[in-house]
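Some notes on the structure that comes next.
Counting starts at 1 for both ligands and their atoms, following the listed order.
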Amino acid sequence: MIIAPSLLAADPSCFGRDAARAERSGAEWLHLDIMDGHFVPNISFGPAVVRAVRPHFKGTLDVHLMCSKPEILLQSFVEAGADRITVHVELGEQVTPLLWKIRSLGRKVGLAVNPPTRVSEIRPYLDLVDLVLVMTVNPGFGGQPFIEECIPKVQQVAGWRRELGLKFRLEVDGGINDKTAAECARAGADTFVAGTSIFRHRSLGTAVRRMRKVAAAFAPVS
Ligand code: DX5
Ligand code: ZN
């Protein structure tokens, strides 16, 4: 089980300090939500913030591009220190070239699917990715309520992974707390992005350990 605190919920005036706190918490990944104000109705941060937090987090930087034209950004995020880059299946024709481009840059490839998008849209790409991200809120803002209707999508993706003998990670993002992490783990998720529910705690370590324990307890026996 991997816990990925989302920097979106950290203190923007102290991203370096909060990335170091996430490092000390034992979180394996740090999730960075990149928003362009076009694909989603919000603007967050860009490669400069990835570069700034890179020295403070030795684990994996998991960059989630909620951007309409991600191809113009890929090189900058790679140079800034991104280890994994996820783009959205809603980008349609751009998806296949984007996945190959990320791979050609030597980074792990992720594909995200929004709540209103049918999960069948990602089926053609499953053998091209290292991660599938099932969004459990409509992207754009942290602190939103978890959308229960997304759980069957997690189950479906986990089923395809089993049937096809694939090894991609199954990540969920949005409204993830101990309770919803348990529900998603039971459905087959193994990677949990959590912003609000982690960063609101003084001790990130306690929050991360508890979420990992709960998720592991509910994970289906493989
Ligand atoms: C939505 C963002 C959020 C963020 C985590 O666009 O991707 O899901 O990572 O948000 P919360 O605060 O719900 O954990
Ligand atoms: Zn995200």
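- Test Met211, Arg212, Glu28 against Met1 for side chain to side chain contact (heavy atoms under 4.5 Å, CB included) and you get one pass: Arg212.
- Protein heavy atom closest to atom 13 (O) of ligand 1, with residue, atom name and distance, is Gly175 N, 2.8 Å.
- Other residues, nucleotides and ligands contribute at most 12 non-hydrogen atoms within 6.0 Å of the CZ atom of Arg118.
- Of the possible polar contacts, none joining the Thr180 side chain to the Phe146 backbone as a donor-acceptor pair under 3.5 Å is found.
- Between the side chain of Arg107 and the backbone N or O of Leu105, at least one donor-acceptor pair lies under 3.5 Å.
- In this structure, the protein non-hydrogen atom closest to atom 14 (O) of ligand 1 is Gly195 N, 2.7 Å.
- Counting heavy atoms only, Asp173 comes closest to atom 7 (O) of ligand 1 of the residues Asp173, Ile198, Asp62, Thr180.
- The shortest N or O to N or O distance between Met66 and ligand 1 is not below 3.5 Å.
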Quiz prompt | Full working for side-chain contact (heavy atoms from CB on, under 4.5 Å) between Val132 and Arg169 | solution = CA-CA 6 Å; Val132 169; Arg169 296 208 68 95; over 6 Å; no

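- Judged by distance alone, the side chain of Lys108 and the main-chain N or O of Leu131 form no donor-acceptor pair under 3.5 Å.
- There is no side-chain donor-acceptor pair under 3.5 Å between Thr117 and Asn114.
- Using modelled atom types and a 3.5 Å distance limit, the side chains of Asp62 and Thr60 yield no donor-acceptor pair.
- Considering both main-chain and side-chain atoms, Ser6 comes within under 3.5 Å of ligand 1 through a nitrogen or oxygen pair.
- Formation of a donor-acceptor pair under 3.5 Å by the Arg54 side chain with backbone atoms of Gly81 is found in this model.
- Proximity to Met35 (heavy-atom distance under 4.0 Å) selects the following atoms of ligand 1: 6 (O).
- Regarding atom 6 (O) of ligand 1, its nearest protein heavy-atom neighbour is Gly140 N, 2.7 Å.
- Every atom of ligand 1 is numbered from 1 in the order shown, and the set under 4.0 Å from a heavy atom of Gly143 is 11 (P), 12 (O), 13 (O).
- No hydrogens or angles considered: a donor-acceptor pair under 3.5 Å links the side chains of Ser6 and Asp33.
- Residue-ligand proximity, Gly142 to ligand 1, at heavy-atom distances under 4.0 Å covers atoms 10 (O), 12 (O).
- Remark: minimum distance from atom 4 (C) of ligand 1 to any protein heavy atom is reached at Asp33 OD2, 3.3 Å.
- Listed by chain and number, the protein atoms of type N/O/S under 2.8 Å from the Zn ion (ligand 2) are His31 NE2, Asp33 OD1, His64 ND1, Asp173 OD2; waters are omitted.
- Numbered from 1 in the order shown, with element, the atoms of ligand 1 that lie under 4.0 Å from a heavy atom of Ala194 read 14 (O).
- For the ligand labelled ligand 1, residue Phe141 lies inside the 4.0 Å heavy-atom shell.
- At distances below 3.5 Å, not a single donor-acceptor pair connects side-chain atoms of Ser197 with backbone N or O atoms of Ala194.
- The distance from ligand 1 to the heavy atoms of Val193 drops below 4.0 Å at these ligand atoms: 9 (O).
- Using a 4.0 Å cut-off between charged nitrogen and carboxylate oxygen, Glu121 and Arg123 do not count as a salt-bridge pair.
- When only interatomic distances are considered, the shortest N/O to N/O separation between Thr196 and ligand 1 falls below 3.5 Å.
- Near Pro139, meaning under 4.0 Å from one of its heavy atoms, ligand 1 places the atoms 1 (C), 6 (O).
- Residue Gly174 has at least one heavy-atom neighbour below 4.0 Å for each of these atoms of ligand 1: 8 (O), 13 (O).
- Judged by distance alone, with hydrogens and angles left aside, the side-chain atoms of Gln144 form a donor-acceptor pair with the main-chain N or O of Phe141 at under 3.5 Å.
- A 6.0 Å sphere centred on NE2 of His38 holds no more than 12 heavy atoms belonging to other residues, nucleotides or ligands.
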